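Notes follow the structure.
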Amino acid sequence: MTSLLPTSALTPSRVPGEDAPDAEVIRFAQTLDGYAAVGGGDVAALGRYVQALDPAPPEALGLDDLRILLFARQRAHSHQGGGWPGEPDRVMQEMRRLTALIRTRVEERGQGVAVWRGDLTRLDVDAIVNAANERMLGGGGVDGAIHRAAGPELLAACRAVPEVRPGVRCPTGEARLTPGFDLPARFVIHTVGPVWRGGAAGEPAQLASAYRAALTRAAEHDLESVAFPAISTGVYGYPPADAARVAVVTVRAVLAERERPLRVLLVAYDAQAEEALEHALAEGEES
Ligand code: APR
């Protein structure tokens, strides 16, 4: 399963520099699923999309289109190879030009939070957040998916996290960081959200604390991109719309206080979660 780096999570340090080797430019071009990005999912749809971009100069294109164009050029380059022996590799030169444009745009963009629909374990971000439990020894839901994708070393790393009291490694509302092992993400930040008990047992504050604690771990490690699942909205029963509001308000507040992280993704695994998160994002913008 290929790893993905959505444009909304792209940060300057992830874009190859001017003197990066060709292989790095090629690898970067592949961090976008260009076929999915054009909605058609196939080569013909990608070709039509790129044709429709012509004759706009790359300088006039937005960040999403620049990455799709780079993806398309890389596919062409991998099929037809570089230039003729002894001639300049014009496709590679264009890929470098597109990459430099992307880097400038990403540097100018600065901090932000966005919703992304898909499987958190595929994300090639600096850290993904795990909706864990206080034992931190794995479970179902996203916890199970992360442990499956990270491999057995993640469980060993969780076991090595000291208990703060019998059976508790990470109290509700706190967060612990471990390496990501076989995941595309470098780190996993394990946090524990509250079990929903009707909303009058301090759940909103505990959920906000879980988001804030996870972002504090990320800032301590100078991480630039972090992706969250919809914490507590699965097994723990937190209503998605209420949880989305807490997530958006808390993440925005922390980003306003700190330089790091730069980009935060709120990952929706299903349509309901996506709608709740998009609504919470828009709500915040209006106020
Ligand atoms: N990628 C992104 N999101 C996912 C994924 C995935 N691969 N798998 C599940 N989700 C979503 C669910 O759809 C839900 O919206 O993660 C959200 C959180 O659901 P849970 O994983 O059930 O987590 P939570 O409600 O916080 O309950 C935590 O569940 O798995 C156990 O060990 C865990 O005891 C802990 C409890």
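Just so you know, ligand 1 is whichever comes first in the structure, and atom 1 is the first atom listed for that ligand. Since we're looking at a predicted model, the values are computed, not measured.
- Among protein heavy atoms, the minimum distance from atom 21 (O) of ligand 1 is reached at Val142 N, 2.8 Å.
- Salt bridge status for Glu283 with Arg245: present, with a side-chain N to carboxylate O gap under 4.0 Å.
- When the heavy atoms of Asn130, Asp143, Val267, Val129 are ranked by distance to atom 32 (O) of ligand 1, first place goes to Asp143.
- Remark: ligand 1 atoms within the under-4.0 Å shell around heavy atoms of Gly139 are 30 (O), 32 (O).
- Of the N and O atoms on the side chains of Arg67 and Thr7, at least one donor lies less than 3.5 Å from an acceptor on the other residue.
- Near Asn133, the atoms of ligand 1 lying under 4.0 angstrom from a non-hydrogen atom of the residue are 32 (O), 33 (C), 34 (O), 35 (C).
- Residue Gly118 approaches ligand 1 through these ligand atoms, each under 4.0 Å from one of its heavy atoms: 1 (N), 2 (C).
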Could you pull out all donor-acceptor pairs under 3.5 Å where a side-chain atom in residues 267-276 meets a protein atom, sequence neighbours excluded?
unit_1: Asp270; atom_1: OD1; unit_2: Gln272; atom_2: N; d: 3.3
unit_1: Asp270; atom_1: OD1; unit_2: Ala273; atom_2: N; d: 2.8
unit_1: Glu274; atom_1: OE1; unit_2: Arg117; atom_2: NH1; d: 3.0

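- The shortest N/O to N/O separation between Ala132 and ligand 1 does not fall below 3.5 Å.
- Within the 4.0 Å heavy-atom shell around ligand 1 one does not find Ala268.
- With 3.5 Å as the limit, one finds a donor-acceptor pair spanning the side chains of His77 and Asp89.
- If you check which protein heavy atom lies closest to atom 1 (N) of ligand 1, you get Leu120 N, 3.0 Å.
- At the top of the distance list for atom 25 (O) of ligand 1, counting protein heavy atoms only, stands Gly234 N, 2.8 Å.
- Remark: among candidates Ile231, Asp270, Thr233, the nearest residue to atom 15 (O) of ligand 1 is Thr233, based on non-hydrogen atoms.
- The single protein non-hydrogen atom nearest to atom 22 (O) of ligand 1 is Val235 N, 2.9 Å, given as residue, atom name and distance.
- Pairs of residues two or more places apart, or lying in two chains, that qualify as ring pair (Phe, Tyr, Trp, His ring centres under 6.0 Å) and include a residue from residues 231-251 are Trp196-Tyr238.
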After noting the C-alpha distance and the side-chain angles of Glu94 and Arg97, does the key distance pass the salt bridge (Lys or Arg N to Asp or Glu O under 4.0 Å) rule? CA-CA 5 Å; Glu94 192 193 349; Arg97 185 168 147 235; 5.1 Å; no
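- Between Glu174 and Arg212 no salt bridge is recorded (no basic side-chain N to carboxylate O distance below 4.0 Å).
- Residue Tyr269 holds the heavy atom nearest to atom 9 (C) of ligand 1 of all those in Trp196, Tyr269, Phe228, Tyr238.
- Backbone and side-chain nitrogen or oxygen atoms of Ser232 are examined, and one is located within less than 3.5 angstrom of a nitrogen or oxygen of ligand 1.
- Between atom 18 (C) of ligand 1 and the options Ala145, Pro240, Gly237, Ala230, the minimum heavy-atom separation is to Ala230.
- Of all protein heavy atoms, the one lying nearest to atom 36 (C) of ligand 1 is Tyr236 CE1, 3.4 Å.
- Considering CG of Asn130 and CD1 of Ile146, their distance stands at 4.0 Å, rounded to 0.5 Å.
- Checking Thr191 against Arg176 by side-chain atom types alone, no donor-acceptor pair falls below 3.5 Å.
- Closest to atom 31 (C) of ligand 1 among all protein heavy atoms lies Gly140 N, 3.7 Å.
- Between the side chain of Arg73 and the backbone N or O of Met92, no donor-acceptor pair lies under 3.5 Å.
- Contact record, Ala208 with Val246: N-CG1, 3.6 Å, taken as the closest heavy-atom pair.
- Counting protein heavy atoms only, atom 7 (N) of ligand 1 is closest to Asp119 OD1, 3.0 Å.
- Taking every non-hydrogen atom of Ala131 and a distance limit under 4.0 Å, the qualifying atoms of ligand 1 come out as 23 (O), 26 (O), 28 (C), 33 (C).
- In Ala273, neither the side chain nor the backbone holds a heavy atom less than 4.0 Å from any atom of ligand 1.
- Of the N and O atoms on the side chains of Thr172 and Gln206, not one donor lies less than 3.5 Å from an acceptor on the other residue.
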